Amino acid sequence: MNFKTFAVSICVAAAVLPGALAAQEREFGVGLITPPVHVWNQEVAAMGETLGSLSDGRFSVTAFPSGQLGSEGEMLQQLQTGALDMAWLTTAEVTTRIPDMSALHTPFLVRNIEDAARVLRSDEAREILEQMPRATGAVGICYAMTGMRQMMSREALESAADLDGKRFRITPAPPMRSFFEMMGAAPAPMPLTQVYDSLANGQIDAIAMDYESIINFGYHEHAPNLLQTNHQMFPMVALVSGRVWAGLSPEDQAILREAVQTHCDATIDRFVEGEAGKFETLKAVEGLNIIENVGMDFFGDVVAEWDAEWSEQTDYVERLRALVASF
Ligand code: BEZ
């Protein structure tokens with residue numbers, strides 16, 4: 001190689017190589033509605049470590065917690081355009097785009113959190129994920145959860161009749177709205193980030209919530225009555241923007257899939273292991289009145305009514321009920 005050829009080669013390498021290296025390096029932004037203390041956020045941080053080691057340091061994660069990027073609906077749109085790389089969202093948010101996802105919110109579908117974990121790891125639930133790219137422009141990698149839903153109120157709720165006319169905060173989603181409307185409550189859909197203030201200023205009377213969030217936010221400070229209903233599981237879905245996904249090599253897609261799946265699994269395991277202890281933590285809170293083990297009977301015909309209405313929207317209500325009956 002003469003000097004001229006060598007010099008040209010150096011110039012070409014200098015122009016191409018840094019670009020090639022830079023193209024392989026990637027910082028993934030992950031949006032969440034939950035605060036940094038939440039298990040989801042802890043697992044997203046841990047996912048950053050896993051991604052780093054699986055990619056030999058090429059991949060990292062920056063989390064955007066507490067709805068910094070907007071509501072879950074806005075994050076879903078950002079995933080669609082590729083403005084956001086990844087998000088850990090409630091499945092509730094996806095129900096408007098994928099009605100089958102509503103079946104994961106079937107009231108009293110599961111008897112306990114162990115069964116919730118089995119449903120979320122089932123083939124039936126994974127089948128629903130396959131609809132994600134077409135319906136949302138995002139790839140659904142896996143599910144996790146934030147435990148089981150309970151009810152908390154400013155005034156004690158001693159029977160289903162006490163729910164009548166109550167302004168009940170719900171996660172914005174049609175299957176939630178139906179359930180509370182059928183009970184005669186006035187559903188107040190609002191994002192997680194607004195719940196504490198709305199309770200504090202009396203804008204709402206009651207909330208449906210999980211132990212993790214109750215403890216993280218201290219909702220009992222303004223809603224000192226807890227009904228242990230376990231009336232729904234509350235799943236999360238880990239999403240990657242379809243545009244971002246399409247820009248990755250098959251090898252890098254495999255790395256991303258493995259890292260996300262590892263931390264979905266860890267999240268599910270942590271909720272299964274931690275749920276009983278969180279309830280004990282709440283039992284120790286002074287001034288919190290708890291009615292334990294409120295079963296399905298408390299809600300009269302509402303669960304059957306909900307099933308009848310939602311079975312018309314999706315056959316997954318019956319399929320998931322059959323699945324749980326087989327456990
Ligand atoms: C909620 O909307 O209630 C919620 C969202 C994410 C995690 C926990 C709760």
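Every heavy atom of this structure was used, including side-chain atoms; hydrogens, water molecules and symmetry mates were not. Both ligands and their constituent atoms are indexed starting at 1 by order of listing. Since the structure is predicted, the reported quantities are computational estimates derived from the model, not experimental observations.
In this structure, T106 contributes its side chain and L109 its backbone to no donor-acceptor pair below 3.5 Å. Judged purely by atom type and a 3.5 angstrom limit, N201 uses its side chain to pair as donor or acceptor with the backbone of D197. Using modelled atom types, no side-chain atom of E212 and backbone atom of G147 make a donor-acceptor pair closer than 3.5 Å.
W306 and W310 have parallel rings, their planes meeting at less than 30° on a 0 to 90° scale where 60° marks the start of perpendicular. Using bins of under 30°, 30° to 60° and over 60° for the plane-to-plane angle, the ring pair H38/F271 lands in the tilted bin.
Take F234 and apply the ring-ring contact (aromatic ring centres under 6.0 Å, His included) test, not counting sequence neighbours, and it matches H105.
Sorted by chain then number, the residues whose non-hydrogen atoms approach ligand 1 to under 4.0 Å are I33, T34, W40, T90, T146, R149, R169, T171, L192, M209, D210, S213, F234.
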